[in-house]
Amino acid sequence: MKNKEISKILYEIADFLEIKGVKYKPRAYRKAARNIEALTEDVENIYERRELKEIEGVGESIAEKISKYLETGELEYYERLRKDVPVDIENLTNVEGLGPKSVKKLYNSLGIETLEDLEEAAKAGRIADVKGFGEKIQEKILENIDAARMGRERKLIGRIFPLVQDLKKRIQGKDVFERVNIVGSYRRRNPTIGDIDVLALSDDSEEAMEEFCNLNDVEEVLAKGDTKSSIIISGNIQVDLRIVDEVSYGSALMYFTGSKDHNVSIRSKAKGRDWKLNEYGLFDSNDERLAGEKEEEVYDKLDMSFIPPELRENTGEIESAERGSLPDLVERVDIRGDLQIHSNYSDGSASMREMVENAEEIDLDYVLFSDHGPSLKIAGGLSEKEFDEQSGEVEELNDEFDVEILLGVEANIVEDGLDISKDWCEKCDFLSVAMHNRPKDATDRILSVFENYPVDIWVHPLGRQFFSRDPLDIDLDKIVDKTEEEHIAIEISSQPERLDLDWRNVKKYRDKADYVISTDAHSTTELDFMRFGVSQARKGWCNEDSVLNTKSIDKARSYLNG
DNA sequence: GCCGTTTTCGGCCCGACTGTTTTCAGTCG
Ligand SMILES: Nc1nc2c(ncn2[C@H]2C[C@H](O)[C@@H](COP(=O)(O)OP(=O)(O)OP(=O)(O)O)O2)c(=O)[nH]1
Ligand SMILES: [Mg+2]
Ligand SMILES: [Mg+2]
Ligand SMILES: [Zn+2]
């Protein structure tokens with residue numbers, strides 16, 4: 001999958017064009033780069049379908065460049081730009097405070113091409129002598145150069161969640177803060193989070209900033225002003241704080257929640273009316289405030305319904321809000337069952353009894369235990385004999401608990417079908433299937449299993465895992481059609497590393513597909529992962545009706561078995 | 001370079017912080 005590679009080239013082109021002082025094109029290249037980076041589908045497939053231009057921000061020219069690169073492995077336009085200023089633009093601009101313009105100056109004056117050159121020049125004191133630079137910048141470069149070498153990897157929302165909650169509590173705990181909201185990609189429930197953005201209300205912003213920059217785990221203060229500060233806390237995590245007045249709080253929430261593209265779009269709309277939208281409010285052409293204290297008011301004045309943060313990705317939500325046709329999104333309280341949990345019969349850490357007790361505590365009506373089939377021994381795969389034992393225990397537990405306990409298997413899609421017999425399939429309340437390797441004919445294998453076995457749920461459909469596994473290269477159009485035909489539900493996994501099916505595809509297929517949101521919990525605490533799956537369903541524009549486990553077990557059963 | 005219930009050409013979001021600068025450019029959100 002070359003998405004990352006291509007978006008990197010586009011980002012670099014943007015930087016090189018900025019070096020040359022070209023207007024607007026850098027923004028265009030960056031926008032295209034961002035959208036390609038965010039794709040779940042392999043850009044090469046989109047190229048093969050001749051649909052590159054459907055990607056937001058990709059037009060004639062960029063589509064042609066991507067095609068050339070995919071066909072020849074080279075891009076002359078990019079190579080030419082790089083020849084003019086032959087620097088390691090990606091790494092150099094990774095140094096906090098260094099952008100394309102500074103990199104060019106340093107190249108022209110000192111011939112700096114790499115981070116090593118930069119460090120050497122800074123240590124020798126040569127940077128301070130360059131016009132436009134000085135001692136402080138030179139010092140800052142030396143301080144930040146190692147961070148640039150390491151890079152800052154994005155964090156998974158499900159993993160950073162406790163830390164964010166704790167940080168929020170710590171800030172809220174200080175009297176000088178009257179209101180605190182976590183915003184940015186976290187509020188939008190992005191699967192991954194680049195930094196933690198915080199909006200706050202305080203009548204003494206100076207003192208508030210002081211407290212913020214002196215939190216006990218602050219490692220570096222990147223910037224500190226009256227309304228805005230940035231710090232690095234332990235774990236190499238950046239935290240940005242913005243403080244505004246109450247009259248601006250709503251518009252500041254909008255600004256700081258983003259996304260950037262959503263902001264730009266919506267600000268352009270305001271501008272089209274001769275108004276102005278910024279973090280302080282919505283203003284008419286006489287600078288009279290039209291709204292600002294509440295987000296709802298700002299959207300309302302712009303003749304839009306309120307846009308839930310999860311939808312603010314500039315993927316059609318603005319037009320939809322203008323038409324008043326945004327979906328009524330599914331909520332966590334709508335969820336009535338969890339159709340993938342595990343116990344110590346396989347690689348789970350808790351007994352079935354413990355899992356059920358906890359499920360009852362969080363008001364679930366039903367749960368499905370579905371451990372791996374026999375071919376996945378490393379993941380604690382069960383033999384049919386072990387399954388039968390488990391089945392016996394399920395029967396006992398069902399007598400004892402109100403929660404309806406269902407038993408199934410996560411069967412593995414293998415070369416000639418599933419790794420369990422059809423007889424075994426019939427013993428399952430629900431049959432879940434998944435692919436755990438990546439053969440060339442994956443699409444056909446999946447389709448054939450859907451046709452030939454009584455499949456109920458297709459779990460972690462793309463097999464994606466953040467930072468380690470790319471999504472499977474399969475024909476989702478075809479497979480989703482088949483799930484509709486066969487009454488098979490598609491899982492949205494709540495596991496932080498998976499969140500699979502991903503929200504963009506969830507959105508794409510939401511009218512056809514029936515989704516189930518599952519935790520894949522391997523311990524009692526992981527039952528709480530449900531919130532992350534629900535967030536992804538919301539990002540995918542799902543209403544309650546598109547999610548099967550918001551329904552009673554009888555309704556779910558009659559659909560899946562029908 | 002992209003894009004269109006104002007446009008197929010003429011626009012392209014808006015502001016804070018920093019360092020170096022005598023008034024602002026660069027970078028970042
Ligand atoms: N209007 C406007 N708002 C911006 C711009 N850049 C960032 N913002 C707003 C929207 C962002 O969601 C918010 C926080 O910025 P971040 O850089 O932290 O981005 P975000 O949190 O969305 O993603 P992240 O996971 O941190 O990479 O600030 C911009 O250029 N213009
Ligand atoms: Mg952020
Ligand atoms: Mg930020
Ligand atoms: Zn699996």
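On a predicted model such as this, the values are computed, not experimentally measured, just so you know. Chain naming here is simple, since letters A, B, ... match the order of the sequence lines and numbering starts at 1 in each.
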Scan [X] against the nucleic acid and name what it touches under 4.0 Å (heavy atoms): base, sugar-phosphate only, or nothing.
| X | answer |
| --- | --- |
| Asn263(A) | nothing |
| Lys31(A) | nothing |
| Lys25(A) | base |
| Pro26(A) | nothing |
| Glu279(A) | sugar-phosphate |
| Glu60(A) | sugar-phosphate |
| Gln138(A) | nothing |
| Lys276(A) | sugar-phosphate |
| Lys53(A) | nothing |
| Lys271(A) | sugar-phosphate |
| Leu17(A) | nothing |

Please report the distance, rounded to the nearest Å, between [atom1] in [X] and [atom2] in [N].
| X | N | atom1 | atom2 | result |
| --- | --- | --- | --- | --- |
| Lys136(A) | dG26(B) | NZ | C1' | 17 Å |
| Ile19(A) | dG26(B) | CD1 | C1' | 13 Å |
| Asp197(A) | dC28(B) | CG | C1' | 12 Å |
| Arg323(A) | dT5(B) | CZ | P | 11 Å |
| Asp226(A) | dG29(B) | CG | C1' | 17 Å |
| Lys260(A) | dC12(B) | NZ | P | 15 Å |

[M] and [N], which share atom name [atom1], separated by this distance in whole Å:
| N | M | atom1 | value |
| --- | --- | --- | --- |
| dA16(B) | dG11(B) | P | 26 Å |
| dT6(B) | dC2(B) | P | 23 Å |
| dT20(B) | dT27(B) | P | 14 Å |
| dC13(B) | dT8(B) | C1' | 23 Å |
| dG1(B) | dT5(B) | P | 23 Å |
| dG26(B) | dT21(B) | C1' | 12 Å |

Near-parallel close stack of Phe133(A) and dT20(B) base (under 5.5 Å, under 30°)
no

Toward the 5' end of DNA chain B, which comes first, Lys105(A) or Ser268(A), by nearest nucleotide?
Ser268(A)

Relative to the 5' end of DNA chain B, which residue comes earlier, Gly59(A) or Glu135(A), by the nucleotide with the nearest heavy atom?
Gly59(A)

Side-chain donor/acceptor of Tyr255(A) to base of dG29(B), under 3.5 Å:
yes

When you get a sec, tell me which of [options] is the closest nucleotide to the side chain of [X]?
| X | options | answer |
| --- | --- | --- |
| Gln238(A) | dG29(B), dG19(B), dT27(B) | dG29(B) |
| Tyr24(A) | dC12(B), dG15(B), dC13(B) | dC12(B) |
| Lys101(A) | dC2(B), dT27(B), dC17(B) | dT27(B) |
| Lys228(A) | dC28(B), dG1(B), dG26(B) | dC28(B) |

Would you indicate, yes or no, if [N] has its OP1 or OP2 atom less than 4.0 angstrom from a side-chain nitrogen or oxygen of [X]?
| X | N | result |
| --- | --- | --- |
| Thr227(A) | dG15(B) | no |
| Arg27(A) | dC13(B) | yes |
| Tyr29(A) | dG1(B) | yes |

Could you label the plane-to-plane angle of the Tyr77(A) and Tyr29(A) rings as parallel, tilted or perpendicular, counting under 30° as parallel and over 60° as perpendicular?
parallel

Can you find a pair of side-chain heavy atoms, one from Tyr11(A) and one from Arg30(A), that are under 4.5 Å apart?
yes

Closest non-hydrogen contact found for Phe283(A) with Arg289(A) is CD2-CA, 3.7 Å

What do the steps show when you test Asp528(A) against Arg531(A) for salt bridge (Lys or Arg N to Asp or Glu O under 4.0 Å), and what is the final call?
CA-CA 7 Å; Asp528(A) 206 35; Arg531(A) 65 172 83 239; 3.0 Å; yes

Indicate yes or no for a side-chain donor-acceptor contact from Ser205(A) to the backbone of Asp226(A) under 3.5 Å, with no hydrogens or angles considered.
yes

Are the side chain of Thr257(A) and the backbone N or O of Leu253(A) linked by a donor-acceptor pair below 3.5 Å?
yes

Within 6.0 angstrom of Arg469(A) CZ, more than 12 heavy atoms from elsewhere:
no

